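Okay, so here's the structure we're looking at.
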Amino acid sequence: MKKWFTMVAAMVILFAVLPVTVAGKAQEDNQPANELTVRLATYNMHTGIGTDGSYNLDRLAETIRESGSDIIGLQEVDVNWSSRSQFENQVEILTDTLNMDYFFAPIYNLDPPAAGEPRRQYGIAVLSKYPILHAENREIARLSTQDADPVPKPAPGFLEAQIHVDGEEVWFYVTHLDYRSDPTVRELQVDDMRDITSSHSNSILTGDMNATPDSPELAPLFEQFEDTWALTNEDPGYTFPSDSPDKRIDYVLTTPGMEVQSASVISSMASDHLPVTADVTLEPGEHPLDASSLKALVDHFDEEGEFTSDVDVHSLKMHLAAVSHYEDREAAEKVVKHMEGFKRLLDHQQDNISEDAYETLKTDADYLISDWQ
């Protein structure tokens with residue numbers, strides 16, 4: 001999904017990028033082999049304009065790099081939007097600079113200023129070091145800033161991404177809630193988000209909520225998700241405004257049962273918000289991919305040019321179609337038999353597949369087999 005996003009349809013660092021509050025990150029050397037700690041993050045990037053009033057996307061990219069984020073939700077992202085960001089496609093620049101997969105979800109998708117020029121878009125995005133298997137730009141209530149006489153109505157701008165994390169099927173959401181002092185629109189947005197996120201249990205919700213933790217409109221979210229900051233810190237963890245923060249409105253939330261190791265606020269002048277990170281430990285195989293998700297991973301690697309033969313891709317997908325058939329019938333022996341065949345086919349095709357794709361697919365095949373044995 002790198003270098004791909006939907007339409008609805010070196011560096012200058014003036015302040016060091018340092019964690020200002022950290023609750024001890026798990027030591028990877030002591031981490032069990034079957035566990036993986038992933039650094040999640042959220043960052044309202046203010047279209048790349050820092051506290052000095054200057055537009056500097058390189059500075060912002062370096063802040064993200066130094067944060068060590070594996071998956072990060074971004075808000076206030078410009079794509080060919082206006083002169084404030086030099087009409088740049090910020091999400092493509094960031095993903096190329098950081099070598100991450102991405103998905104962009106426009107909130108506003110406007111006609112170009114002149115024929116033949118790209119559309120003007122503004123919205124939210126996810127960047128991931130792990131493959132994004134599937135993503136959608138979902139609708140929630142919104143009070144448009146572009147309409148002359150707006151009323152709250154469903155509109156795009158709630159990002160839902162299915163991300164493959166070493167055998168785990170993780171659902172990652174990015175949001176940017178209404179900024180107005182009246183909480184009415186945020187209340188509607190929270191209700192809509194809860195309806196969408198309730199479909200999946202292994203989920204992360206990130207974003208600028210434009211509300212503090214004690215705001216009544218956020219209470220329903222905290223019934224469904226856990227606040228990673230509150231779980232691991234006692235100090236307030238203010239994130240806005242970045243030059244003199246006095247409120248916490250940016251969050252990394254996880255569904256219950258995910259083991260949160262730490263949460264941090266990162267100091268930077270690259271935006272008017274501070275990024276928030278959370279280290280979360282996953283146990284591969286606890287929420288394993290099924291055959292259809294494994295097929296999506298094959299498609300992902302195919303799009304990324306990790307296969308040299310279309311015939312090989314077709315053969316792997318045929319095997320997985322058979323596995324999916326037997327999964328639906330809960331025929332465990334047949335599932336295992338066909339997945340063993342899938343692994344043998346991978347071995348046979350190894351010279352025609354990148355090492356990363358081969359190892360990932362082989363590992364996930366083992367997870368799926370163990371889940372059915």
Side-chain angles (χ1 to χ4, degrees), residues 1 35-43 69-75 101-105 124-141 156-177 186 189-209 211 213 217-232 250-263 276-290 292-294 296-297 300 364 367 371:
M1 200 169 296
E35 293 184 346
L36 174 70
T37 297
V38 179
R39 178 159 291 178
L40 312 169
T42 188
Y43 196 10
S69 302
D70 296 309
I71 311 172
I72 183 169
L74 300 176
Q75 302 85 44
D101 202 0
Y102 82 88
F103 181 83
F104 173 62
I124 57 180
V126 57
L127 305 183
S128 175
K129 294 180 180 177
Y130 299 97
I132 300 172
L133 300 184
H134 178 75
E136 292 186 35
N137 187 0
R138 307 293 295 271
E139 290 188 342
I140 59 174
F158 184 49
L159 190 157
E160 177 183 66
Q162 178 190 3
I163 301 179
H164 171 267
V165 183
D166 287 4
E168 282 284 278
E169 185 176 54
V170 176
W171 294 87
F172 193 90
Y173 296 90
V174 186
T175 195
H176 190 186
L177 299 190
R186 285 192 298 278
Q189 292 174 324
V190 167
D191 286 344
D192 290 342
M193 291 191 304
R194 279 168 50 89
D195 287 343
I196 294 169
T197 58
S198 62
S199 300
H200 305 287
S201 60
N202 207 33
S203 301
I204 298 107
L205 173 61
T206 65
D208 174 3
M209 308 295 182
E217 65 267 30
L218 296 189
L221 276 184
F222 298 136
E223 294 174 3
Q224 183 176 345
F225 291 92
E226 295 183 319
D227 181 357
T228 59
W229 186 267
L231 285 175
T232 57
D250 301 275
Y251 301 83
V252 177
L253 308 178
T254 59
T255 46
M258 301 182 77
E259 185 178 354
V260 180
Q261 304 292 344
S262 66
V276 179
T277 68
D279 294 324
V280 176
T281 298
L282 305 176
E283 294 185 12
E286 186 176 349
H287 296 82
L289 302 173
D290 59 13
S292 63
S293 297
L294 199 53
L297 187 59
H300 169 84
D364 287 352
Y367 285 138
D371 190 49

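No experiment lies behind these values; they were computed from the predicted model shown.
- Asp227 places a side-chain heavy atom less than 4.5 Å from the side chain of Phe222.
- Side-chain atoms of Gln75 and Thr42 include a donor-acceptor pair closer than 3.5 Å.
- A salt bridge links Asp279 with Arg39; the closest basic N to acidic carboxylate O contact falls under 4.0 Å.
- Note: Leu218 CG to Arg186 CZ = 7.5 Å, rounded to the nearest 0.5 Å.
- With hydrogens and angles ignored, the 3.5 Å screen pairs a side-chain donor or acceptor of Asp192 with a backbone N or O of Ala141.
- Screening Asp166, Thr281, Asp70 for a side chain to side chain contact (heavy atoms under 4.5 Å, CB included) with Leu36, the sole residue that qualifies is Asp166.
- With hydrogens and angles ignored, the 3.5 Å screen pairs no side-chain donor or acceptor of Arg138 with any backbone N or O of Gly157.
- When atom types are taken as modelled, the side chain of Ser69 and the backbone of Ile71 share no donor-acceptor pair closer than 3.5 angstrom.
- Between the side chains of Thr254 and Glu226, no donor N or O sits under 3.5 Å from an acceptor N or O.
- Here CD1 of Ile204 is found 12.0 Å from OG1 of Thr197. Values are rounded to the nearest 0.5 Å.
- When each of Tyr43, Phe172, Tyr251 is tested with Thr206 by the rule side chain to side chain contact (heavy atoms under 4.5 Å, CB included), just one qualifies, namely Phe172.
- Counting only distance, with no hydrogens or angles, the side chain of Glu160 and the backbone of Tyr173 share no donor-acceptor pair below 3.5 Å.
- A donor-acceptor contact closer than 3.5 angstrom is absent between the side chains of Glu169 and Asn202.
- Here the side chain of Thr255 pairs a donor or acceptor atom with the backbone of Ser203 at under 3.5 angstrom.
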